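This is a predicted model, so every value here is computed, not measured. Below, all heavy atoms of this structure are taken into account, side chains as well, without hydrogens, waters or symmetry copies.
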Amino acid sequence: MKWGVQVVKPSTYNNGSTSVLVQFSSGRYLFNCGEGTQRLSFENKTRLSKLTSVFLTRVDWESMGGLPGMLLTLADAGTRDLVIHGGHNLTHAMAATRHFILRSDMGVGVRELRDGDAGAEYADENVRVQPVHIYPDGYTASAAELGPDESAAAATRRELLARAFGVCREPQAGRKRREPVPQGVKKGYYGQECREAAIAGTLQRLEQRGDEAAKKRVRGGSRGRGSTELLPATAPTPGVVCYVVTGPEVPGKFDPQAARALGLKPGPHYARLVKGESVVTADGTEIRPEQCVGPVRPSSRVVIVDCPTPAYVASVVESPQLAALLDGGAEAGPRLALVVHALGPGVAQDARYRAWAARFPAHVQHVVSAPEFVADNNPFQRHLRIHTALSAVDPRTYVTPQAAGSAELQPRAFIDGARVVAASSLLGFDIEPQPRLDESLVVPLLTPAEMRAKMQLDGAEPEPAAAGDEGELAVCAIGTGSSVPSIYRNVSGNVVSVRGYGGMVLDCGEATVSLLRRFLGHPQRNPHSARIGQSYDEFVRTLRLLYISHMHADHHLGAVQLLHDWSRLAADTARLTVLAPARFWAWLEDYAGVQDVGLGRLDFVDCGDLRGGSAGAAGAAGAHVARLKAGLGLAEVQTCSVVHCPWAYGVSLTHASGWKLVYSGDTRPCASLVALGRAGGTAPTIVLHEATLPDELHADAVAKRHSTVSEAVAMALGMRAENLLLTHFSQRCMVLPRWSAANIEAVSVSRYGAVASSGSSSAREDSGDEAELALPADSQAPQSVRAALERELCEAASDTDTGAARGVLGSLKVAAAFDMSVYAASDIDRYRRNIPRLKRAMFDELKRYIDEEGEEDGDSDAMPAKGPVPKAAKGKKSGKQTA
């Protein structure tokens with residue numbers, strides 16, 4: 001039997017948790033799933049489809065922040081019966097995700113490995129996992145944390161968890177797991193005909209029903225639209241679980257020569273002897289297994305130690321369960337092979353911990369995953385490669401991210417002379433058939449400067465950027481992809497810094513915080529990101545607004561870490577406004593029982609309360625909005641309902657200095673968003689609008705309630721906007737977006753008619769039917785990825801660049817956002833001039849990708865009309881709540 005351990009994600013200053021995968025041919029066991037784990041598995045081709053169980057060392061967002069998004073992806077790929085293990089409050093944390101996850105056919109089980117519970121150990125045909133509980137200095141576990149929990153509150157949590165994920169049939173030794181069941185193609189979220197009028201009517205009825213049925217009281221007086229039953233109260237605890245993983249015994253090796261000498265011929269008798277059964281020869285002689293099968297080899301052990309701060313060191317070194325392993329295992333029992341040290345800052349240099357680690361036998365391999373020993377470089381090297389190429393075209397827009405270059409300390413500083421290596425993604429250790437460190441898959445992580453040199457780009461490394469006009473509105477696109485993260489684009493996240501006032505975050509998908517730290521610099525400022533002129537910590541301290549457009553996971557899973565950092569960094573008297581659907585606040589209230597997110601200092605305002613503008617906000621919500629406007633220098637804040645899912649909103653922010661920003665969130669073209677852009681008689685300075693799909697996939701856009709590129713352009717024209725920044729691109733579409741004059745002019749919405757025409761509200765009334773977009777005759781014809789790229793490179797970015805139809809845009813300037821880039825009006829104007837070079841950079845990168853990965857198989861659901869699809873994104877559905 002072959003099995004081993006692989007590091008998925010090491011601990012760095014940027015990304016704290018360590019993720020480790022224990023692998024067998026019949027199952028995989030993931031230890032910790034922090035934010036970005038799923039995207040990194042795509043980058044490194046780490047297969048998570050056969051996950052058997054997930055074990056968490058801590059019930060906090062640092063260790064489990066990537067789990068909800070990964071569960072959505074696995075569920076939509078057909079994974080069934082996944083068990084999650086962890087400490088106290090795990091069931092509460094998972095049940096809280098019911099506010100945005102509904103996968104009742106998946107079957108997710110939760111097992112709290114509680115201190116003092118003799119039945120907390122996990123075992124199946126591959127492994128036996130024993131929990132070891134540790135605590136910080138001076139902490140004594142409460143009665144609620146000890147022993148099995150059979151309380152009524154626990155039963156309520158389990159019931160609510162089952163509503164979201166269904167009932168898990170936990171795998172047991174000797175019983176096969178259910179095979180994945182791929183999901184069917186979704187024609188529409190509610191199964192109805194996908195027409196604009198039908199969708200809008202359904203959403204309106206759902207919102208009205210939610211308003212009438214609201215029972216949850218939201219702090220600040222806003223009603224809880226679409227609320228659900230409350231979870232029983234709980235409180236955060238600092239307990240940590242380390243794990244001892246014991247593999248199976250290794251059967252003795254069969255000796256065919258000895259069997260033949262005893263008169264046996266090859267056949268069924270051989271198999272029975274290997275199984276440990278005696279056999280009888282034709283002459284009646286009994287042959288026992290030990291006569292021709294070698295002795296059983298004892299199983300091997302792996303220890304995963306999570307010590308987040310020096311305050312936990314005493315509990316680790318004094319643990320009797322861990323002390324019993326210091327001799328490496330008795331000769332007749334399991335033999336310790338590997339210790340993974342997942343350590344927070346300062347622990348690896350603590351004399352007590354180092355002395356304890358040095359006591360393990362010399363044969364034991366140590367892997368140290370600690371910020372001081374792991375270089376904090378960008379693990380997404382393909383994104384860095386294309387970003388570096390784009391930065392060579394326009395360094396002011398495509399900001400060079402921060403990178404460390406090398407680690408602060410070398411492994412010998414941890415345990416001198418021992419078998420110790422610093423953790424890195426894809427570092428492996430084979431346990432069976434022979435213990436062996438495997439570094440063959442580890443890829444050196446290049447810094448931006450090293451990547452630039454490797455790519456032989458013209459010119460020197462970009463100089464640190466100079467600060468621009470302090471009064472100019474600039475939108476920082478941190479994540480520009482949709483649904484699931486990919487190797488090139490992360491999910492939605494946008495940042496605006498209002499100089500002299502503070503910052504805003506508009507949607508905050510998973511791993512937004514990690515990317516923002518590289519973009520702004522952490523802990524020091526990134527000199528290339530002078531448009532904001534703050535480090536990550538400085539930006540978070542002055543954060544004034546967190547806006548969440550709707551409750552799909554790809555728009556808010558990074559918010560918990562952001563709020564946790566804000567509660568830790570901001571002054572005790574600071575207030576932060578959270579403008580979001582009421583269900584988001586219900587999620588925060590539930591999750592706050594697990595981890596501090598500064599709930600008591602947050603001013604919540606329901607997006608629905610600002611649909612008529614800030615003047616319509618009454619009571620506490622009115623006071624919160626007034627404080628927000630004063631804190632950011634805003635003259636107006638207004639929202640509108642959009643056509644995507646229940647409680648989905650667009651937002652308009654108008655500053656006293658004159659600029660106006662409109663953010664669409666996710667939506668089909670709709671009159672309410674056009675009206676929002678025109679409100680107050682001020683044209684939007686920048687419209688940040690989703691453009692999920694190319695025009696060729698218009699039918700998909702209707703079914704999934706997203707906008708095509710040309711539809712997004714038409715919406716900006718309808719608002720009479722000065723600039724349009726396109727974002728939220730499907731991970732299937734890797735080339736620069738194209739728009740068409742004919743398709744733009746075909747877009748119409750109720751009340752405004754053809755929104756891209758004169759912009760007059762007297763234009764014809766729309767029937768509510770979808771306009772047919774004009775597609776190229778060969779747009780649906782099968783073609784190879786390479787042929788599609790060749791065609792794309794030869795085409796204009798849009799037919800508005802060809803001369804005849806150029807006037808359709810008028811004065812509107814359009815740009816397509818890419819991750820970790822910044823766009824003011826001057827940058828958007830410069831984008832068009834740079835299109836040929838940007839297309840060449842994108843084209844060259846995609847050619848490299850094809851050379852590395854080969855042609856795709858032409859999956860009709862995943863393959864766009866033009867452009868390749870990263871393999872990580874193929875077969876992955878939206879990862880969004882659909883009910």
Side-chain angles (χ1 to χ4, degrees), residues 1-6 19-33 48 50-57 59 79-88 90-91 94 107-134 146-150 158 167-178 239-252 275-276 296-306 319-322 324-325 328-330 332-340 429-433:
M1 174 178 288
K2 182 177 181 180
W3 69 284
V5 178
Q6 187 178 71
S19 294
V20 172
L21 190 65
V22 176
Q23 303 183 85
F24 288 79
S25 60
S26 58
R28 293 178 172 87
Y29 309 82
L30 181 65
F31 290 78
N32 285 340
C33 186
L48 299 179
K50 289 187 178 180
L51 270 185
T52 304
S53 289
V54 178
F55 295 84
L56 302 177
T57 58
V59 182
T79 296
R80 297 292 180 267
D81 300 329
L82 186 67
V83 186
I84 304 169
H85 311 256
H88 179 60
L90 177 59
T91 309
M94 292 305 302
V108 172
V110 171
R111 298 187 70 231
E112 291 196 3
L113 308 176
R114 298 166 64 84
D115 201 352
D117 182 0
E121 184 177 291
Y122 171 82
D124 64 13
E125 69 275 14
N126 291 326
V127 296
R128 182 163 57 95
V129 182
Q130 300 165 282
V132 178
H133 296 265
I134 64 170
L146 303 175
D149 187 359
E150 303 298 337
R158 289 192 291 269
V167 178
C168 173
R169 190 182 73 167
E170 293 194 27
Q172 297 175 356
R175 187 172 75 187
K176 292 185 177 180
R177 293 174 54 81
R178 287 190 287 175
V240 173
V241 183
C242 304
Y243 293 99
V244 179
V245 182
T246 304
E249 292 182 333
V250 180
K275 291 180 181 179
V296 172
R297 194 142 44 86
S299 54
S300 297
R301 275 180 170 164
V302 175
V303 177
I304 300 171
V305 180
D306 184 358
S319 166
Q321 297 102 311
L322 296 177
L325 303 171
R335 178 178 172 86
L336 182 62
L338 174 69
V339 180
V340 178
F429 187 79
D430 296 335
I431 305 295
E432 293 290 348

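Taking both residues in full, the closest heavy atoms of Arg158 and Asp149 are given as NH1-O, 3.7 Å, listed atom of the first, atom of the second, then distance. Nearest heavy atom pair, residue Leu325 against residue Leu336, reads O-CD2, 3.6 Å. Taking all atoms of both residues into account, the shortest heavy-atom contact from Ala120 to Leu113 is O-CD2, 2.8 Å. Here the shortest heavy-atom pairing between Lys50 and Ser25 reads NZ-O, 3.9 Å. Contact between Pro248 and Ser299 at its shortest, heavy atoms only, is O-CB, 3.4 Å. The minimum heavy-atom distance linking Lys2 with Glu432 is given by the pair CG-O, 3.3 Å.
Phe24 pairs by the ring pair (Phe, Tyr, Trp, His ring centres under 6.0 Å) definition with Trp3, not counting sequence neighbours. For Pro148, the side chain to side chain contact (heavy atoms under 4.5 Å, CB included) partners two or more places apart in sequence, or in a different chain, are Asp117, Glu150. In this view, Phe55 and Phe31, His85, Tyr122, Tyr243 satisfy the ring pair (Phe, Tyr, Trp, His ring centres under 6.0 Å) rule, not counting sequence neighbours. Contacts of Thr57 classified as side-chain hydrogen bond (donor to acceptor under 3.5 Å, both in side chains), with partners at least two apart in sequence or in another chain: Asn32, Asp306. Take Ser319 and apply the side chain to side chain contact (heavy atoms under 4.5 Å, CB included) test, not counting sequence neighbours, and it matches Val132, Gln321, Leu322. Scored by the side chain to side chain contact (heavy atoms under 4.5 Å, CB included) test, Gln23 finds Gln6, Leu21, Arg28 as partners (sequence neighbours excluded).
Atom-to-atom distance recorded for Ile84:CD1 and Leu30:CG is 10.0 Å, nearest 0.5 angstrom. For the atom pair OG1 of Thr246 and CG of Asn126, the computed distance is 12.5 Å after rounding to the nearest 0.5 Å. Rounding to the nearest 0.5 angstrom, the gap separating the CZ atom in Arg169 from the CZ atom in Arg80 is 12.0 Å. Note that OG of Ser53 is 6.5 Å distant from CG of Leu82, once rounded to the nearest 0.5 Å. Note: Leu48 CG to Cys33 SG = 7.5 Å, rounded to the nearest 0.5 Å. Atoms SG and NE2, on Cys242 and His133 in that order, are 9.5 Å from each other to the nearest 0.5 Å.
Residues Asp124 and Thr52 meet the side-chain proximity criterion, which asks for heavy atoms closer than 4.5 Å. Using a 4.5 Å cut-off on side-chain heavy atoms (C-beta onward), Val59 and His88 make no contact. The side-chain heavy atoms of Val241 and Leu56, taken from C-beta on, include no pair separated by under 4.5 Å. Residues Gln130 and Arg301 are in side-chain contact: their nearest non-hydrogen atoms beyond the backbone lie under 4.5 Å apart.
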Handout entry: Candidate pair Val22 and Val302, rule side chain to side chain contact (heavy atoms under 4.5 Å, CB included), full reasoning
Key = CA-CA 9 Å; Val22 176; Val302 175; 5.6 Å; no
Practice task
Let me see the working for Thr79 and Leu51 under side chain to side chain contact (heavy atoms under 4.5 Å, CB included), right down to the final yes or no.
Solution key: CA-CA 8 Å; Thr79 296; Leu51 270 185; 5.9 Å; no
